[in-house]
Amino acid sequence: MAKKKVLVMGGGAAGIRAALEEAAAGNKVYLVEHFPGIGGERIPQDRIITDRDLFSAPDLAAIKKNENIQVITNADAQELVSENGRYKVKVHCRTPRVDREKCDECGQCIKVCPIHMYDDYNEGLEWRTAIDFFNSASGNYNIFKEDMPVCQRTCPMNLDIRTYVGYIADGKFAESLATIRKKLPFPLSIGRVCPHPCESECNRGYKDEAISICFLKRFVADHEINNNIEPKLQLPAEKYPEKIAIIGAGPSGLTCAYHLALFGYEKITVFEALPEPGGMFRVGIPEYRLPKAILAKDIEFITRHGVEIKTGVRVGSGISFDYIRKDHDAILIAIGAHKAMTMRVKNEDADGVFEGVKFLRDVALDNEVPNKGTAIVVGGGNVAMDVARSGLRIGFDEVNLLYRRTRKEMPASPWEVDAAEHEGVKVHFLVAPQEVVVKGGKAVGMKCIKMELGEPDAGGRRKPVPIEGSEFVMEADTIFAAIGQVTDNSLVDEKIGFKFGRKLNFEVNPETFETNVPGVFASGDAATGADIAIRACAGGKRSAESIHKYLRGDVMS
Amino acid sequence: MCTGRMDPALVADAFVHGADGILVIGCHFGDCHYISGNIIAKHKLDMARQTLAYAGLNPARLRFGNLSSAEAAKFAEYNTEFVEQIRQIGPLGAGDEIGMPKLGEKLKIAHQALASPKLRWVIGKKPVFLDDGNKYGEVFTEHEFNRTLSWIIIDEMAIHSILAALQKRPAAVKDLAEELQIPAADTLKYVLALKRRGFVELNSVEGQSPVYKYKAEEEC
Amino acid sequence: MYFYEKKGRYIIDFADIPSEPAEMPEISVQERKHNFKEVETGFAGEVAVREAKRCLSCRRCLGCALCWAECKPEAINFNLPDQDFDLEVDKVILTSGMQRNIAPIAGNFGNRHMNAVTDLQVERMLADTGPSTGLIIRPQDGEIPKKIGFAQTFGAVDDRIRDAVLTFGINEAIIARKKINGVEISFISPDMDAFRASAGSDLDKVSGVDFINGSVVESTEVGENKHIQVKYETGGSEKTDVFELLVLLTLPQLPSHIAEAARQLGIEVDYAGFLGNSLFKFGPEGVKSETD
């Protein structure tokens, strides 16, 4: 009988036993384990032990001796495909940085290594050194090197936080800012508005409080403009002639444009429907969080790299998408998510009910907005907080915010909620809107119902359930819906055949940000659904890399 | 001889042997015949000072200065001023964080830490790490490098104190912790780490206490 | 022990690091009335530098190459690349791997206490080749505890997982009894009665362990030795006990790479599917689950 090939995944006791059995049956065995070593004695969990068998210890010596077993550690099997009764598999083996053929396990390296760190195999009971054996039975010396520190890994843009914070500690502010700008062209803006997921992961937080990474980024960026320092531009010598169109001058579109300019593209045009560039930075985030003059500095930095922004050009009405497509070699759609989701309550279309995002946009563009009497804001995200806080500033006497869950479940950043309350916004938790109360065709209040938290749903969030008979009416002159945004994708014709997601967003390959239409990419909220700005910027950078690859072929990767 | 060749362990050794102050004078920065000898000297002495301060020595007892051979008058001035400063601090154990003879013991530990390969190797990497980066090409900021170095100093001081104590007699973790004034949880981790590397082994169990002993290095 | 803060080792007291975090200065609420002035005013230079110095510069391998310099057989190679290769096989066997992943321990039933450990950590302690040479020790001072509590702090799981977790913990208790002369052990689980019904007489043979059908309400660190006081509910009344070491039973989970491989081969499996030394074999004759 021909020798068969067997892949065993998992180098625990069961995997080792299976490998030995298969090898005994005359087969060639590949034993693939995720960790850098295999085996290890274990306490049984399938039977209550007797005196004689305290541990089950797999036969590591037999594995080592058996020529028909190839042990592949520090590896994962990827892309397992079944084909004509056989299995094809791609194995990715992370380097141990120790040549196991040469290593004689003398242990001299661990005596000199200056670094102590958490030991995976022993569950952190002791420290291993940066180079060390995996477990004492199997040896398997390896160097443990993390890809990036935890802050950087958490940042959607993988900003090199450790380095730019280190430069600030050294007083080298210009170097710090240059480090940030290698990836992010919006340090002034992101340094003000980012909800900084990096800080929630910061190890310092286990000791006292996380480093204020976001504010430090703002500091180095502010330092440059406050001291009138001329930023250095890093434009490459080699230039490329292709024409690239970017639709939407928001965080994602402009970040993409910036990176394309850094690659050497000279003909980058950004089409912006609104009279001002900046996207949600400009019309979504209120002036008191991100002043327009500050944002303008970030945008100026980007345009100085040779990026042209055409404002007041709405693709789909002023100029057709097809025309842009014919006239350019690649297109990025980064139009954001500016359309409010409906509350799905009765009389929602009554006079006096407004979209929260539209209100913010009108305030930002100095358009006329309602500003008298009492307002209700429905929603619990950061947009709702921006609407409520802006509402008080624009002139409402009272702003009531309704949220159907509790403070703990609120998606808005906790400091935004605190600030809103601090400024006088009345936040009502566990209250859900039911119906807009209308008098003479105009909204005069909201019929609400009180809620309580029920059982957790699949995602672990406790679902709010209405309390029978607890209905009440809250009076208001103006009602804002701020429960989420979707993408207005009407700029493209159905005939082109784009695929759309649940939030009317463009469906893209999550790695390359390419849509199903060749040469057309999409990133930012238009691809991901409404999300935080830094993630939009990250998408912009990634799509620039993909566009570059698309235009240059495989030559440049 | 170039100050860059100055061994940090020598500095510690001088204090162990009773020196009250040490002044090291190298060439001006930028004037080094060997390009960066005096910068390396400064790095090494900064590390020695930090380690010795961690052991309890008043850091002002170790100073680094820059002079050229043509500045005789300045040299005299430097010396007089330094000697005056040391006179004010007083002899070893006076004007330091801890007194004698405890300071003497700790200085011996600091000497061992500075003489062992880890600190010497890492400090030698400082210019490389700051300019070109480490083996992975990661360029360090000064802050990052200093953090890492302080960490190694703390570890090395703890390790050498524990080894010195265990060389005298086997001990339980809680007794070591009390003697060395290192939190017991950390002492345990250090002892286990030393055991893993073959410097320490379990001696016996007395009552509730596992007792560890120093393991002499096998002859190869 | 602070569970599963794999970063734990980074958190170290450096005397020269200021610990006070910097506060972002803001304009007063009064100043914000009826205008859109920027609320946060930014750090001053010296504040920013001080704040930046709080950064621990987390890093594992330094890349200093001292090991490389010391390695006589020249086995260390920092440029040794990752390897990707394709295999074509006739059969794939999935097992649950060599490390047992665990679900995060919810709530605080001792996860943040110094002398609380997981059942997995106890397993490593009990191994003769392990860090503590087979001794059970307290992470706080390395002493051998004379009174140990085992506690199951999660509920409502698959029966097979419940039985596996309890069997695992009980086996540890049995070994602990053998290793530590005169040790007192309490074993608190809300599922103890249900488990007893399925384990039957095997459990009755275990001596010297006080099995309690109860739920932990809260736990607190007490005294200088950081013993752990556990309040638990059993048979309708609340009881309190103090342990020198508390062992928290953990909820095993299938490693994600195994679950993903199974999914690619067209089946959904969870950890329970691999219990009792089960494997999943994918061969020409299709998938089959096997138990020894």
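Note that the coordinates shown come from a computational prediction; the quantities given were computed from them, not determined experimentally. Letters go in sequence order (proteins before strands), and every chain restarts at 1.
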> Relative to chain C, which of Arg192(A), Lys145(A), His223(A) shows the most heavy atom pairs under 4.5 Å?
Replying inline: Arg192(A)
>> Quick check on the interface: out of Asn79(C), Asn35(C), Val206(C), Val47(C), who has the most heavy-atom pairs with chain A under 4.5 Å?
In response: Asn35(C)
> Quick one: what part of Leu126(C) sits under 4.5 Å from any heavy atom of chain A, side chain, backbone, both or neither?
Replying inline: both
>> Less than 4.5 Å to any heavy atom of chain C: does that hold for the side chain of Glu423(A), its backbone, both, or neither?
In response: both
> Which bit of His422(A) comes within less than 4.5 Å of chain C, counting heavy atoms only: side chain, backbone, both or neither?
Replying inline: both
> If you count heavy-atom pairs under 4.5 Å with chain A, which of Asp84(C), Ile175(C), Leu87(C) comes out on top?
Replying inline: Leu87(C)
> What are the two closest non-hydrogen atoms of Asn122(A) and Pro131(C), and how far apart are they?
Replying inline: OD1-CD, 3.3 Å
> Which atoms of Ile211(A) come close to chain C, meaning under 4.5 Å heavy atom to heavy atom: side chain ones, backbone ones, both, or neither?
Replying inline: both
> Taking side chain as C-beta onward, heavy atoms only, is Cys202(A) less than 4.5 Å from Val150(A)?
Replying inline: no
> Is there a donor-acceptor pair under 3.5 Å between the side chain of Glu40(C) and the backbone N or O of Pro25(C)?
Replying inline: no
> So, the side chain of Glu123(A) versus the backbone of Gln121(C): is there a donor-acceptor pair under 3.5 Å, distance only?
Replying inline: no
>> Salt bridge or not between Glu22(A) and Lys3(A)? Use side-chain N to carboxylate O under 4.0 Å.
In response: no
>> Using modelled atom types and a 3.5 Å cut-off, is there a donor and acceptor pairing between side-chain atoms of Gln70(A) and backbone atoms of Leu31(A)?
In response: no
>> Can you tell me which of Ala22(C), Gly130(C), Gly45(C) forms the most heavy-atom pairs within a distance under 4.5 Å of chain A?
In response: Gly45(C)
> In terms of heavy-atom pairs under 4.5 Å, which option from His92(A), Glu33(A), Glu287(A) contacts chain C the most?
Replying inline: His92(A)
> What are the residues of residues 254-262 of chain C, in order of number, with any heavy atom under 4.5 angstrom from a heavy atom of chain A?
Replying inline: His257(C), Ile258(C), Ala261(C)
> For the residue pair Asn203(A) and Cys58(C), what are the closest heavy atoms and their distance?
Replying inline: ND2-SG, 3.2 Å
> Run the salt bridge (Lys or Arg N to Asp or Glu O under 4.0 Å) check on Glu83(A) and Lys88(A) step by step: do they pass?
Replying inline: CA-CA 7 Å; Glu83(A) 220 175 73; Lys88(A) 281 189 172 171; 3.4 Å; yes
> Given a strict heavy-atom distance threshold of 4.5 Å, which part of Ala210(A) is in contact with chain C: side chain, backbone, both, or neither?
Replying inline: backbone
> Is it true that Arg94(A) and Asp82(C) make a salt bridge, defined as a side-chain N closer than 4.0 Å to a carboxylate O?
Replying inline: no
> When heavy-atom pairs shorter than 4.5 Å are enumerated against chain C, which of Ile168(A), Val91(A), Ile115(A) gives the highest number?
Replying inline: Val91(A)
> Looking at Leu62(C), Ile170(C), Leu166(C), which one has more heavy-atom pairs under 4.5 Å with chain A than the rest?
Replying inline: Leu62(C)
>> Looking at every non-hydrogen atom in both residues, tell me the closest pair between Gly107(A) and Tyr141(A) and how far apart they are.
In response: CA-OH, 3.6 Å
> What part of Arg86(A) gets closer than 4.5 Å to chain C, counting heavy atoms only: side chain, backbone, both or neither?
Replying inline: both
> Sub-3.5 Å donor-acceptor pair from the side chain of Asp104(A) to the main-chain atoms of Cys106(A), do we have one?
Replying inline: yes
>> So, using side-chain hydrogen bond (donor to acceptor under 3.5 Å, both in side chains) as the criterion, who are the partners of Thr129(A) when residues are at least two apart?
In response: Asp132(A)
> Between Phe134(A) and chain C, which part of the residue has a heavy atom less than 4.5 Å away: side chain, backbone, both or neither?
Replying inline: side chain
>> Looking at chain A, which one of Arg32(C), Arg263(C), Glu172(C) has the largest number of heavy-atom pairs inside 4.5 Å, strictly under?
In response: Arg32(C)
> At a heavy-atom separation under 4.5 Å, does Ser176(A) approach chain C through its side chain, its backbone, both, or neither?
Replying inline: neither
>> Please enumerate all residues that pass salt bridge (charged side-chain N to carboxylate O under 4.0 Å, His left out) together with Glu79(A), with sequence neighbours excluded.
In response: none
>> Report which part of Val49(C) has an atom under 4.5 Å of a heavy atom belonging to chain A: side chain, backbone, both, or neither.
In response: both
> If you take all heavy atoms of Ala164(C) and Leu275(C), which pair is closest and at what distance?
Replying inline: CB-CD2, 3.6 Å
> Taking every heavy-atom pair that is under 4.5 Å apart, which of Asp90(C), Leu80(C), Thr167(C), Thr95(C) has the most such pairs with chain A?
Replying inline: Asp90(C)
>> Just so I understand: if I count every heavy-atom pair under 4.5 Å between each of Cys93(A), Gly191(A), Gly166(A) and chain C, which residue has the most?
In response: Cys93(A)
> Do you know which of Ala19(A), Ala77(A), Ser390(A) has the most heavy-atom pairs with chain C at a distance under 4.5 angstrom?
Replying inline: Ser390(A)
>> Arg47(A) vs Asp163(C), test: salt bridge (Lys or Arg N to Asp or Glu O under 4.0 Å). Steps then yes/no.
In response: CA-CA 9 Å; Arg47(A) 60 184 188 279; Asp163(C) 287 355; over 6 Å; no
>> Heavy-atom cut-off 4.5 Å, strictly under: side chain, backbone, both or neither for Ile16(A) against chain C?
In response: neither
> Is it the side chain or the backbone of Val29(A) that comes within 4.5 Å of chain C heavy atoms, both, or neither?
Replying inline: neither
> Is it the backbone or the side chain of Ile143(A) that comes under 4.5 Å from a heavy atom of chain C, or both, or neither?
Replying inline: side chain
> For the rings on Tyr121(A) and Phe35(A), is their centre-to-centre separation under 6.0 Å?
Replying inline: no
> Which heavy-atom pair separates Glu38(C) from Pro291(A) by the least distance, and what is that distance?
Replying inline: OE1-CG, 3.5 Å
>> Is Arg100(A) close to chain C through its backbone or its side chain, or both, or neither, when contacts mean heavy atoms under 4.5 Å?
In response: neither
If you look only at distance, which donor and acceptor atoms sit under 3.5 Å apart when one is on a side chain in residues 68-76 of chain C and the other is two or more places apart or in another chain?
| unit_1 | atom_1 | unit_2 | atom_2 | d |
| --- | --- | --- | --- | --- |
| Glu70(C) | OE1 | Gln108(A) | NE2 | 3.0 |

> Do the side-chain N and O atoms of Tyr87(A) and Lys91(C) include a donor-acceptor pair separated by under 3.5 angstrom?
Replying inline: no
> Checking heavy atoms, do the side chain of Asp76(A), its backbone, both or neither come under 4.5 Å from chain C?
Replying inline: side chain
> Where on Phe219(A) is there a heavy atom nearer than 4.5 Å to chain C: the side chain, the backbone, both, or neither?
Replying inline: side chain
> Between Leu203(C) and Ile48(A), is any pair of side-chain heavy atoms under 4.5 Å apart?
Replying inline: yes
> Between Glu126(A), Met9(A), Lys102(A), which shows the greatest number of heavy-atom pairs under 4.5 Å with chain C?
Replying inline: Met9(A)
> Where on Ser28(C) is there a heavy atom nearer than 4.5 Å to chain A: the side chain, the backbone, both, or neither?
Replying inline: neither
